[in-house]
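Here's the structure, in structure tokens; my notes come after.
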Amino acid sequence: AQSVAQPEDQVNVAEGNPLTVKCTYSVSGNPYLFWYVQYPNRGLQFLLKYITGDNLVKGSYGFEAEFNKSQTSFHLKKPSALVSDSALYFCAVREVNAGNMLTFGGGTRLMVKP
Amino acid sequence: KAGVTQTPRYLIKTRGQQVTLSCSPISGHRSVSWYQQTPGQGLQFLFEYFSETQRNKGNFPGRFSGRQFSNSRSEMNVSTLELGDSALYLCASSLYGASGGYTFGSGTRLTVV
């Protein structure tokens with residue numbers, strides 16, 4: 001069975017400061033990992049994914065994430081936060097060769113204050 | 001190209017009624033998945049369809065069903081609605097077997113009263 005944990009319900013950061021949203025996962029085999037962002041009353045917008053290769057993945061809007069196999073983590077990062085980054089962030093995992101089902105973490109609300 | 005289209009955006013139903021939600025995937029995408037999002041349970045997988053066949057199913061009661069048509073459009077149906085079925089229902093399309101590329105629609109907000 002696959003699972004995802006996002007240990008922080010909310011992350012607060014000042015505009016211009018770096019941000020990190022944490023994610024750890026558990027799968028039996030190799031993972032595909034994803035980050036999505038959700039704005040109020042909207043669906044999920046894709047930010048980035050890790051499939052294979054370079055452990056540092058760069059995505060949309062200046063976000064990046066680092067895949068760490070030994071720590072089974074896939075933390076989302078951004079060097080300089082913007083107020084407009086305030087939203088709900090979801091980490092998701094899909095086990096390779098296990099169908100198209102995504103398992104999501106509980107979500108982390110990012111609040112960027114001016 | 002057009003994104004994933006879900007209709008209707010909002011829906012209010014009464015307990016005991018049934019409801020049908022629609023999802024049109026991105027052109028060329030043959031896999032459609034459905035997810036339920038609630039404040040208490042978060043995002044939960046309902047089912048996935050590919051080429052009109054259900055490939056995977058989540059842990060939901062039989063009141064939740066779906067189907068996919070030959071043009072890849074998908075519908076999900078919930079019968080005998082309960083208050084707890086109130087949720088945002090999200091549809092995602094992808095190329096089956098691809099290593100990513102899940103695109104979500106804006107969702108249908110279902111309220112059961």
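Worth saying up front: this structure is predicted, and the values here are computed from it rather than measured. Within every chain, numbering begins at 1; the chains are lettered A, B, ... in the order of the sequence lines, protein sequences first and strands thereafter.
The closest donor-acceptor contact from the side chain of Y102(B) to the backbone of F34(A) lies at 3.5 Å or more, if one exists at all.
S94(B) contributes atom OG, which lies 7.0 Å from atom CZ of R94(A) (distance to the nearest 0.5 angstrom). Atom CE of M101(A) sits about 11.0 Å away from atom CD of Q44(B), to the nearest 0.5 Å. For the atom pair Y36(A) OH and T103(B) OG1, the distance stands at 7.0 Å (nearest 0.5 Å).
Proximity to chain A (any heavy atom under 4.5 Å) is restricted, for Q37(B), to the side chain, taken from C-beta onward. F47(B) does not touch chain A: none of its heavy atoms, backbone or side chain, sits under 4.5 Å away.
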Subject >> Intermediate values then yes/no, side-chain contact (heavy atoms from CB on, under 4.5 Å), L43(B) and F90(A) >> reply: CA-CA 9 Å; L43(B) 280 154; F90(A) 289 96; 3.7 Å; yes
Original post:
Taking it one step at a time, do L88(B) and Q38(A) satisfy side-chain contact (heavy atoms from CB on, under 4.5 Å)?
Top reply: CA-CA 12 Å; L88(B) 181 66; Q38(A) 186 176 38; 3.7 Å; yes
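K57(B) NZ: more than 12 foreign heavy atoms inside a 6.0 Å radius. Counting heavy atoms of neighbouring residues, nucleotides and ligands inside a 6.0 Å radius, atom CG of L82(A) exceeds 12 of them. By the 6.0 Å contact criterion, CG on N71(B) is enclosed, its count of non-hydrogen atoms from other residues, nucleotides or ligands being greater than 12. Few gaps surround CZ on R63(B); more than 12 heavy atoms of other groups in view lie less than 6.0 Å from it.
A centroid separation of less than 6.0 Å is found between the aromatic rings of Y35(B) and F104(A).
When hydrophobic residues (I, L, V, M, F, W, Y) are linked wherever their side-chain heavy atoms come within less than 4.5 Å, M111(A) remains an isolated member.
When G42(B), S106(B), C91(B) are compared by the number of non-hydrogen pairs under 4.5 Å with chain A, S106(B) comes out ahead.
For residues 102-112 of chain A, every residue pair satisfying the side-chain hydrogen bond (donor to acceptor under 3.5 Å, both in side chains) rule, not counting sequence neighbours, is listed here: Q2(A)-T103(A), Q6(A)-T108(A).
Under the 4.5 Å side-chain contact rule for hydrophobic residues, V21(A) and Y61(A) share a cluster.
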